[in-house]
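Positions are given from 1, in the same order as the sequence printed here. The analysis underlying the following values was restricted to heavy atoms, covering all of them including side chains, and did not include hydrogens, waters or symmetry mates.
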Amino acid sequence: MRHRFFAAVASAVAVSAFAASAAHAAATDQLRTFVTTVKTATGEFTQRQVKGSGDAVKVTGTSSGTFAFSRPGKFTWRYTKPYDQLLQADGQTLFIYDKDLNQVTERRLDNALGSSPAAILFGSNDLEKNFVVKNGPVRDGVEWLELTPKAKDTQFERIGIGFKGGNLEAMELRDAFGNTTLLTFTGMQKNPPMAADAFRFTAPKGADVMKQ
């Protein structure tokens, strides 16, 4: 967490502490507002894989694509660069389609979203059931929150969520091996109308389908 230095004068300390507390409260409010009022959304994302910290940070991969969701549990998450891959869920089943392999993997959704990063975007609004939520720093005008999964068998040990002006700006996903996935969101449209069959998946002709 970013260290903050305050003036020695007691009044300045009090003002700064109050401002920090207000910023954190605002971030918490923005998260709760997002998960309770944004029922559907579309937008674009950029994803970067980062390893290390400080001066030793190294970007190991970059990808981008589009997304759409309808709470709870219906979504499409499509990578378009540098490869084409689709993750789509209809509320009951998660389909993962690899275009290069022409292969579809099916998984039951069940509670799989529970403590995963996808729960924040696509799940229900009961985040505190699955995460410990703590206030984070303010960086470059973005107010951050830190979510720690309560479950012990999750891929990520910490999830950071950044909001600015009520909009979801970014996510930081850190695993136990020192790897960080950075997601930034652009062009998000909140609560657009969605067709009833918007998240229905049909396997491409000739694709191999594997069920897990």
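- Between Arg139 and Glu172 there is a salt bridge, since at least one side-chain N of the basic residue sits less than 4.0 Å from a carboxylate O of the acidic one.
- Screening Thr148, Ile161, Ile159 for a side chain to side chain contact (heavy atoms under 4.5 Å, CB included) with Phe131, the sole residue that qualifies is Ile159.
- Hydrophobic clustering (side-chain heavy atoms under 4.5 Å, transitive across Ile, Leu, Val, Met, Phe, Trp, Tyr) keeps Leu109 apart from Phe95.
- Taking the six-membered ring where tryptophan is involved, the planes of Tyr97 and Phe201 are tilted, since the angle between them lies from 30° to 60°.
- Between the Asp98 side chain and the Thr105 main chain, no donor and acceptor come within less than 3.5 Å of each other.
- Between the side chain of Arg78 and the backbone N or O of Phe67 there is no donor-acceptor pair closer than 3.5 Å.
- Tested against Thr62 for a side chain to side chain contact (heavy atoms under 4.5 Å, CB included), the candidates Gln47, Lys81, Arg48 yield a single pass: Arg48.
- Donor-acceptor pairing under 3.5 Å is recorded for the side chains of Glu143 and Gln30.
- Lys39 and Asn191 form no side-chain donor-acceptor contact under 3.5 Å, judged by distance and modelled atom types alone.
- Of the possible donor and acceptor atoms, one in the side chain of Thr60 sits under 3.5 Å from a partner among the backbone N and O of Gln49.
- For Asn167 (side chain) and Glu169 (main-chain N/O), no donor-acceptor pair under 3.5 Å exists by modelled atom type.
- In summary, Asp140 and Lys164 do not engage in a salt bridge, as defined by a charged side-chain N under 4.0 Å from a carboxylate O.
- No close placement of the Phe199 and Phe69 rings is indicated, their centers lying 6.0 Å or farther apart.
- Using a distance-only test at 3.5 Å, with no hydrogens or angles considered, no donor-acceptor pair links the side chain of Thr93 to the main chain of Arg108.
- Checking Asn179, Leu147, Leu182, Leu183 one by one against Leu173, the side chain to side chain contact (heavy atoms under 4.5 Å, CB included) holds for a single residue, Leu183.
- Annotation: side chain of Gln85 is in contact with side chain of Ile96 (closest heavy-atom distance under 4.5 Å).
- Counting heavy atoms from C-beta on, the side chains of Asp90 and Arg200 never come closer than 4.5 Å.
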